[in-house]
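Shown next, in structure tokens, is the structure this report addresses.
Any value given below was found using the heavy atoms of this structure, including those in side chains, with hydrogens, waters and symmetry copies removed. Note on naming: letters A, B, ... go to the chains in the order of the sequence lines (proteins, then strands), and numbering restarts at 1 for each one.
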Number of protein chains: 2
Amino acid sequence: MGKVDLSACPVCSKSDIVDELAFLDDLKCTIKSYQKNTLIIRQGDICDALYVLTLGSVKTEMITENGNILGIEIIKAPRPLAPAFVFSDNNRFPVNVTSLEEVEIMKIPKAEIMRLMMTNQNFMSSFMTHNANRTQFLTNRLQLLSIKTIKGKLAHFLLENSLEEGKPFEINRNQTGLADFFGVARPSLARSLSEMVQEGLIQINKKEYTVLKTKQLRELLV
Amino acid sequence: MGKVDLSACPVCSKSDIVDELAFLDDLKCTIKSYQKNTLIIRQGDICDALYVLTLGSVKTEMITENGNILGIEIIKAPRPLAPAFVFSDNNRFPVNVTSLEEVEIMKIPKAEIMRLMMTNQNFMSSFMTHNANRTQFLTNRLQLLSIKTIKGKLAHFLLENSLEEGKPFEINRNQTGLADFFGVARPSLARSLSEMVQEGLIQINKKEYTVLKTKQLRELLV
DNA sequence: ATAAAAGTGTAACAATTGTTACACTCTCAG
DNA sequence: CTGAGAGTGTAACAATTGTTACACTTTTAT
């Protein structure tokens, strides 16, 4: 495993720590590799360090009490995993983390994070901003889940991803994944999708979606 | 408005800033009062400062795109409001904040927060922990919403609040509020509740609930 | 004390979604 | 090239929840 490039990492990018040659050598951290499709972190595991995904991509998913899977998101390196939870009173991971390919994960002890925060204002600021953005992401998820109809969720999701009416865009999830993401049954999602296609609201070609009638799509949110 | 007591405030309690006499005088902040039932902050408002509820109580609720209200929580002073969002890239409030009684709200500019964080390790640590706990709260809300049946949500919620089987506990929400909290229709919630009472799983007396059969309640989560 | 407002219980019916099943297409590894 | 597995389309039916309506009870304000 070579020298890690953290210049694209959201909590490090604005920080001058990337330029400090001594940074990674000084940092008391360990790096581990995992094979494809490995369950790396379990929901409920103690989170006593900051985990940073330095290579590859993972998916996070929440297991609900009734055993259902609620897909959360796909994370690509470099990015920290659940950085907020290092500091929470009940410091346990809220999600399962599974590797989608071969990955490398860096583990930085909490004390080291504290030291960095106090000595480096840019790092602190970036770390805060990143955590704030994560909170906003969760808020968006809450908003999506709180839309009760499947067509409403789809409208919200498609409008969010569409740049312009009539302009196709790619969705990097298949129908099964989308159904998980929305927390609905797969055939139900397929039904709603095909109805929306028949009504001429959208077009679908494999994973390429096109919003045809933005206005009527918005009305599904009412 | 008298001297504010912040010793019970989660982001200040462990901090020695409370002991610094000069703290509140030095701090460039403003305090405003609001009448009962006032919409203090609108979802989407720019959040360029830290808002701290110093007196009274408020409720936060999220307005979904279809106009429904998704109740989030009731906040009692002293506590900061949406502290994470001061630092987010898109720094807008995620919820509406409405006063439940006469309230006082302190507004501290972002720059002041930054200064405090850098000069006071305890403040920083408390602020981080509090934000982390907020994230965990949102995660729990996500988990609750992802349970699909109303009885399942109720079981989750009641088991979470029950200390012991057969021991009554108080819920500080009425049925209408609970329905909002769950994001379901009020009569549907009432139906599920009365069914659970008839099946002998729980007992209800106004706002006092009792879990009678923990085991069978758990099975509703499956 | 009393009227108004808020909250609750419940019923009939509508609407939406889940379940199950199966045929079909597509993708990818051998 | 080809078979296995993953992903999709769709249909019949079941289950759950929402909607609307109304009578009743409790709380609140004057």
Side-chain angles (χ1 to χ4, degrees), chain A residues 36-37 59 64 66-71 98 100-101 144-157 170-199 202-209 219-222, chain B residues 35-37 59 64 66-71 98 100-102 144-157 170-199 202-209 219-222:
Chain A
K36 182 176 177 177
N37 291 326
K59 69 172 173 184
T64 68
N66 53 8
N68 284 346
I69 291 178
L70 182 69
T98 309
L100 294 175
E101 50 189 310
L144 180 65
L145 273 186
S146 68
I147 297 176
K148 281 161 205 149
T149 65
I150 297 182
K151 286 188 183 179
K153 289 178 210 271
L154 273 169
H156 174 96
F157 180 79
E170 189 116 341
I171 297 296
N172 68 340
R173 295 176 186 272
N174 57 30
Q175 267 190 24
T176 310
L178 258 188
D180 277 350
F181 185 67
F182 289 158
V184 301
R186 202 268 310 163
S188 302
L189 183 77
R191 172 173 46 204
S192 292
L193 273 175
S194 75
E195 280 172 15
M196 287 165 82
V197 169
Q198 277 199 326
E199 290 163 14
I202 59 175
Q203 244 179 9
I204 308 179
N205 194 338
K206 314 230 170 163
K207 289 186 179 178
E208 191 181 273
Y209 292 70
E219 283 164 12
L220 286 177
L221 302 172
V222 180
Chain B
Q35 293 302 308
K36 183 175 177 176
N37 291 326
K59 70 171 173 184
T64 68
N66 53 7
N68 285 346
I69 291 177
L70 181 71
T98 309
L100 294 174
E101 50 189 308
E102 191 177 340
L144 180 65
L145 273 186
S146 68
I147 297 175
K148 281 162 204 149
T149 65
I150 296 183
K151 286 188 183 178
K153 290 177 210 270
L154 273 169
H156 174 95
F157 180 78
E170 188 118 340
I171 296 296
N172 69 341
R173 294 176 187 272
N174 57 30
Q175 267 191 24
T176 311
L178 257 189
D180 279 351
F181 186 66
F182 289 158
V184 302
R186 202 266 311 161
S188 302
L189 183 78
R191 172 172 46 203
S192 292
L193 273 175
S194 75
E195 281 172 13
M196 288 165 81
V197 169
Q198 277 198 328
E199 290 162 14
I202 59 174
Q203 244 178 10
I204 309 179
N205 192 341
K206 314 231 170 160
K207 289 185 180 179
E208 193 181 271
Y209 292 70
E219 282 165 12
L220 286 177
L221 301 173
V222 180

Subject >> Partner of A:V184 under side-chain contact (heavy atoms from CB on, under 4.5 Å), chosen from A:I150, A:L178, A:L154 >> reply: A:I150
All N/O donor-acceptor pairs, side-chain side in residues 185-196 of chain A, below 3.5 Å, sequence neighbours left out:
{"unit_1": "A:S192", "atom_1": "OG", "unit_2": "A:S188", "atom_2": "O", "d": "3.4"}
{"unit_1": "A:S194", "atom_1": "OG", "unit_2": "A:R191", "atom_2": "O", "d": "3.1"}
{"unit_1": "A:E195", "atom_1": "OE1", "unit_2": "A:K151", "atom_2": "NZ", "d": "2.9"}

Original post:
Is the shortest side-chain N/O distance from A:Q175 to OP1 or OP2 of D:dG9 below 4.0 Å?
Top reply: yes
Original post:
OG1 of A:T149 to NE2 of A:H156: how many Å apart, nearest 0.5 Å?
Top reply: 12.0 Å
**OP:** Specify the separation, in whole Å, of atom CD of B:E208 and atom C1' of C:dT8.
**Re:** 18 Å
Subject >> side-chain hydrogen bond (donor to acceptor under 3.5 Å, both in side chains) against B:E101, all qualifying residues, sequence neighbours excluded >> reply: B:S57
Subject >> Length of the CG-P vector between B:N205 and C:dG7, whole Å >> reply: 18 Å
**OP:** Check whether any side-chain heavy atom of B:L144 lies under 4.5 Å from a side-chain heavy atom of B:K153, and answer yes or no.
**Re:** yes
Subject >> Value in whole Å for how far the P atom of C:dA6 lies from CZ of B:R173 >> reply: 19 Å
Subject >> B:Y209: partners by ring-ring contact (aromatic ring centres under 6.0 Å, His included), with sequence neighbours left out >> reply: none
Original post:
How far does CZ of A:F157 sit from CD1 of A:I171, to the nearest 0.5 angstrom?
Top reply: 4.0 Å
Give every pair of a protein N or O atom and an N or O atom of nucleotides 26-30 of chain D that lie under 3.5 Å apart, one pair per line with the distance.
none

**OP:** Specify the angle, to 10°, made by the local axes at the two ends of the helix from C:dA1-D:dT30 to C:dG30-D:dC1 when five pairs are taken at each end.
**Re:** 60°
Original post:
Do B:N174 and B:K207 have side chains that get closer than 4.5 Å, going by heavy atoms?
Top reply: yes
Please tabulate the protein-to-nucleotide N/O contacts below 3.5 Å involving nucleotides 15-18 of chain D, giving atom names and distances.
{"unit_1": "D:dT17", "atom_1": "OP1", "unit_2": "B:I150", "atom_2": "N", "d": "2.6"}
{"unit_1": "D:dG18", "atom_1": "OP2", "unit_2": "B:A185", "atom_2": "N", "d": "3.2"}
{"unit_1": "D:dG18", "atom_1": "OP2", "unit_2": "B:S188", "atom_2": "OG", "d": "2.9"}
{"unit_1": "D:dG18", "atom_1": "N7", "unit_2": "B:S188", "atom_2": "OG", "d": "3.4"}
{"unit_1": "D:dG18", "atom_1": "N7", "unit_2": "B:R191", "atom_2": "NH2", "d": "3.0"}
{"unit_1": "D:dG18", "atom_1": "O6", "unit_2": "B:R191", "atom_2": "NH1", "d": "3.1"}

Subject >> For A:I147 against A:G152, the heavy-atom pair lying closest together >> reply: CG2-C, 3.6 Å
Subject >> Interatomic spacing from OG1 in B:T98 to CG in B:L100 - rounded to 0.5 Å >> reply: 7.5 Å
